[in-house]
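Below: one structure, written as structure tokens.
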Number of protein chains: 2
Amino acid sequence: MTTMKDIAKVLGLNESTVSRALNNHPYVRPETREKVMEAARRMNYRPNTLARSLATSRSYVVGLVISNIANLFFAEVTKGIEEVADAHGYSVILCDTGRNPAKELKYLDLLARRQVDGIIFMSGRLPAHVVAAIKQQSCPVVTISRDGTRHGIPTVRINNRAEAAKATRYLINLGHRRIGFISGQLDDAESGLPRLEGYRAALEESGIEFDPAIVQEGDFRMESGMRACARIMQAAPRPTAIFAANDEMAIGAMKTLSQLGFKVPADVAVIGFDDTAFATVVTPPLTTIAQPLRMLGTSAMEMLLKLMAGQRLAEIETVLECQLVVRASCGGTGL
Amino acid sequence: MTTMKDIAKVLGLNESTVSRALNNHPYVRPETREKVMEAARRMNYRPNTLARSLATSRSYVVGLVISNIANLFFAEVTKGIEEVADAHGYSVILCDTGRNPAKELKYLDLLARRQVDGIIFMSGRLPAHVVAAIKQQSCPVVTISRDGTRHGIPTVRINNRAEAAKATRYLINLGHRRIGFISGQLDDAESGLPRLEGYRAALEESGIEFDPAIVQEGDFRMESGMRACARIMQAAPRPTAIFAANDEMAIGAMKTLSQLGFKVPADVAVIGFDDTAFATVVTPPLTTIAQPLRMLGTSAMEMLLKLMAGQRLAEIETVLECQLVVRASCGGTGL
DNA sequence: ACTTAGTCTGCAAGCGCTTGCAGAAAGCTG
DNA sequence: CAGCTTTCTGCAAGCGCTTGCAGACTAAGT
């Protein structure tokens with residue numbers, strides 16, 4: 001590998017001049033700069049980022065701590081992050097925790113050792129010890145869809161409560177009065193619980209009474225949606241619509257409905273939440289609340305860029321709006 | 001940040017002794033080692049990986065160059081890679097090219113500057129200039145599902161031809177004689193073309209004549225599967241089964257079939273290829289050739305580990321076996 | 001002609017760590 | 001106890017780059 005020293009030696013210059021030439025320092029004579037550039041090209045010079053980082057204390061690397069890259073939801077967000085990171089000269093180190101809290105801590109430590117300039121955290125809850133680990137990082141950290149804000153950690157998220165209400169209201173406006181709900185884990189204060197609250201709030205708004213018999217807890221996975229739906233359909237009177245707290249459970253519900261001989265949307269309307277790629281693949285295509293997945297990533301990375309540049313954030317939290325995407329699973333197009 | 005020098009100063013030792021103590025060098029007195037460890041803990045010492053890498057010329061970072069992380073296929077492979085990388089102390093830098101050839105080259109260069117110890121390349125074709133860029137890397141490179149082998153680049157892949165034949169044979173054994181095929185891009189010599197060849201080979205084996213009217217080219221995306229299927233179903237006699245070169249196109253085909261009023265599998269059996277998460281989500285669940293996605297990743301990473309350790313590979317290429325996963329889209333369970 | 005400001009380059013130290021070499025101390029052997 | 005090996009620690013150089021400082025030289029202002 002050729003180094004700056006090599007170039008300097010060949011040209012009879014000092015290493016520091018070479019450095020300045022290569023880095024567009026103003027005070028370097030145009031012809032020496034050109035000579036240096038030319039030599040660099042000719043000698044196939046590639047700057048050693050490690051050395052540079054060591055000298056400047058800027059690595060231009062960010063860490064991404066994520067639950068599961070094989071999950072469409074996270075993969076999509078990751079795409080957004082990588083995109084703007086790259087556009088600004090940053091590389092991203094991928095840390096997949098598999099929801100293992102021990103790994104979350106381990107990765108946080110690892111990233112610190114690797115001298116990353118910033119971290120995006122999107123894995124698991126934020127128990128005290130994780131918050132502590134985040135706080136003691138010497139680089140900025142932003143969380144996505146986590147309750148970071150209450151701990152003073154910059155966050156980008158959606159308003160789960162409001163968006164769930166939006167979905168419910170859509171069904172109500174379609175004429176449904178008996179609406180089942182399949183929730184996520186209710187001990188999940190970030191997306192599980194608030195979506196249920198939004199559902200309840202929308203019902204209340206319209207004077208529809210809440211019936212626990214047609215709300216069932218799931219775990220955001222398809223199978224749990226199937227089971228929950230089966231329980232819900234035993235209630236009398238049966239619901240004419242089902243709102244699932246994410247697409248996978250909605251799809252599970254559709255499967256169960258079809259097994260039970262119900263047609264979607266003719267007999268039962270189904271609406272989901274997230275708008276991952278699954279929503280378009282299933283038949284009928286799923287009407288759903290579209291989280292701006294990609295934008296969750298880009299916004300978080302942009303936030304991080306500001307922080308890494310030493311700027312203060314105008315708002316510690318960015319709340320993104322979701323879009324109701326009407327496909328076929330609820331029939332009519334609504335209002 | 002506390003450094004080794006700090007620890008050394010506090011304990012009245014030399015930096016080098018601290019280094020050796022921390023790195024389990026044999027020649028260091030147990031009590032000094034213990035003192036160092038204790039001080040490191042107390043002072044909250046975190047080794048600076050960058051500095052270490054600079055001194056040792058080992059970064060313990062690998063680069064992953066990939067087409068699109070938001071694609072389930074790649075995401076799943078990535079998961080496998082990250083898993084074994086982490087287990088061996090390596091971090092992975094994610095490089096999403098979006099199939100942009102310019103970005104492929106850019107990332108290859110970037111990774112070299114970042115002094116990665118190895119690269120896994122899984123993006124686009126391998127035209128001469130990319131091969132050249134790979135060859136001139138000073139670290140080992142392995143490709144996944146690319147025709148790297150012919151250029152002497154270590155590769156892990158599946159036997160697309162044989163696996164496609166397996167799928168076709170399955171349909172034949174189910175009694176189908178009129179089998180449509182939706183191919184990938186035929187200029188894709190790695191997975192597009194060979195799957196068609198496998199299809200043809202299996203037909204020939206059974207003395208079924210190849211009918212171009214019922215094989216249509218797609219581009220591996222759902223919409224292309226829909227269009228291709230529509231064309232295929234115009235042929236007379238109509239096929240009783242369709243083999244699509246990947247799951248997404250198979251699902252597209254199922255959509256079209258259902259629009260045309262055909263039942264799957266009663267009227268037309270459908271089989272896919274890949275076994276991404278889509279296959280289980282769709283109704284009926286898709287029978288498909290399951291690529292060992294995760295293992296493609298783990299094998300590639302293991303291969304890379306060997307190379308990075310300076311070992312020679314017994315085989316420059318690893319060919320993984322696929323599994324036929326029988327679900328409902330072809331009806332019967334076969335033989 | 002003389003200061004002053006501005007442009008260009010080199011020197012040297014430093015980023016935080018590793019490692020070969022050498023010397024000191026301790027443990028063996030005969 | 002001389003001589004040898006083994007264990008332990010320090011010294012110093014080095015990984016490849018950046019950057020403050022100072023000196024040299026040029027251009028300009030009075």
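Every value quoted in this text rests on a predicted model; they were computed, and no experiment measured them. All chains are named by letter (A, B, ...) in the order of the sequence lines, taking the proteins before the strands, and each is independently numbered beginning at 1.
- A salt bridge links E76(B) with R294(B); the closest basic N to acidic carboxylate O contact falls under 4.0 Å.
- Summarising the geometry, the separation between CG on N24(A) and P on dC8(C) is reported as 14 Å, rounded to the nearest angstrom.
- Taking the screw axis at each terminus of the helix from dA1(C)-dT30(D) to dG30(C)-dC1(D) from five consecutive base pairs, the angle between the two is 40° to within rounding of 10 degrees.
- Bounding nucleotides for the chain B contact on DNA chain D, 5' to 3', at a heavy-atom distance below 4.0 Å, are dT7(D) to dG16(D).
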Acceptor/donor pairs from residues 302-316 of chain A side chains to any protein atom, 3.5 angstrom cut, sequence neighbours excluded:
none

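- Distance, E31(A) CD to dT7(C) P: 15 Å, rounded to whole Å.
- Checking each of T78(B), I81(B), V92(B) against I120(B) for a side-chain contact (heavy atoms from CB on, under 4.5 Å) leaves exactly one that passes, namely I81(B).
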Only distances under 3.5 Å count here; give the side-chain donor-acceptor pairs of residues 16-28 of chain B to other protein atoms, sequence neighbours excluded, each with its distance to 0.1 Å.
from	atom 1	to	atom 2	distance (Å)
S16(B)	OG	N14(B)	OD1	2.8
S16(B)	OG	R20(B)	NH2	3.4
S19(B)	OG	N23(B)	ND2	3.4
N23(B)	OD1	R52(B)	NH2	3.0
N23(B)	ND2	S19(B)	O	2.8

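- For residues 76-106 of chain B, the ring pair (Phe, Tyr, Trp, His ring centres under 6.0 Å) pairs, not counting sequence neighbours, are Y60(B)-Y90(B).
- Partners of D187(A) by side chain to side chain contact (heavy atoms under 4.5 Å, CB included), not counting sequence neighbours, listed by chain and number: R125(A), Q185(A).
- Applying the salt bridge (Lys or Arg N to Asp or Glu O under 4.0 Å) test to every pair with at least one member in residues 88-102 of chain B, sequence neighbours left out, gives these pairs: K79(A)-D96(B).
- For M1(A) and V28(B), each mapped to the nucleotide of DNA chain D holding its nearest heavy atom, the one lying further toward the 5' end belongs to V28(B).
- Inter-residue side-chain proximity for F74(B) and L293(B) is flagged as unmet; no heavy-atom pair is nearer than 4.5 Å.
- Atom OH of Y27(B) is separated from atom C1' of dG27(C) by 13 Å (rounded to the nearest Å).
- Residues forming a side chain to side chain contact (heavy atoms under 4.5 Å, CB included) with M43(B) (at least two apart in sequence, or on another chain): T2(B), D6(B), I7(B), V10(B), A39(B).
- Under a 4.0 Å N-O distance rule, the pair E31(A)/K35(A) does not qualify as a salt bridge.
- Computed from coordinates, the N23(A) CG to dT9(C) P distance equals 15 Å when rounded to whole Å.
- A heavy-atom distance below 4.0 Å to DNA chain D is reached by these residues of residues 42-58 of chain B, ordered by number: L54(B), A55(B).
- For DNA chain C, the neighbouring residues in residues 6-13 of chain A, judged by any heavy atom under 4.0 Å, are G12(A), L13(A).
- Heavy-atom contacts from other residues, nucleotides or ligands closer than 6.0 Å to CE of M37(B) number more than 12.
- Sequence neighbours left out, the pairs with a member in residues 106-118 of chain B that pass salt bridge (Lys or Arg N to Asp or Glu O under 4.0 Å) are R46(A)-D109(B), D86(A)-K106(B), R58(B)-D117(B), D109(B)-R113(B).
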Please table the atom pairs, donor to acceptor, closer than 3.5 Å between any side-chain atom in residues 147-155 of chain A and protein atoms at least two apart or in another chain.
from	atom 1	to	atom 2	distance (Å)
T149(A)	OG1	T155(A)	OG1	3.4
T149(A)	OG1	E317(A)	OE1	3.0
H151(A)	ND1	D147(A)	O	3.4
T155(A)	OG1	T143(A)	OG1	2.9
T155(A)	OG1	T149(A)	N	3.2
T155(A)	OG1	I153(A)	O	2.8

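- Heavy atoms of S16(B) sit under 4.0 angstrom from at least one base atom.
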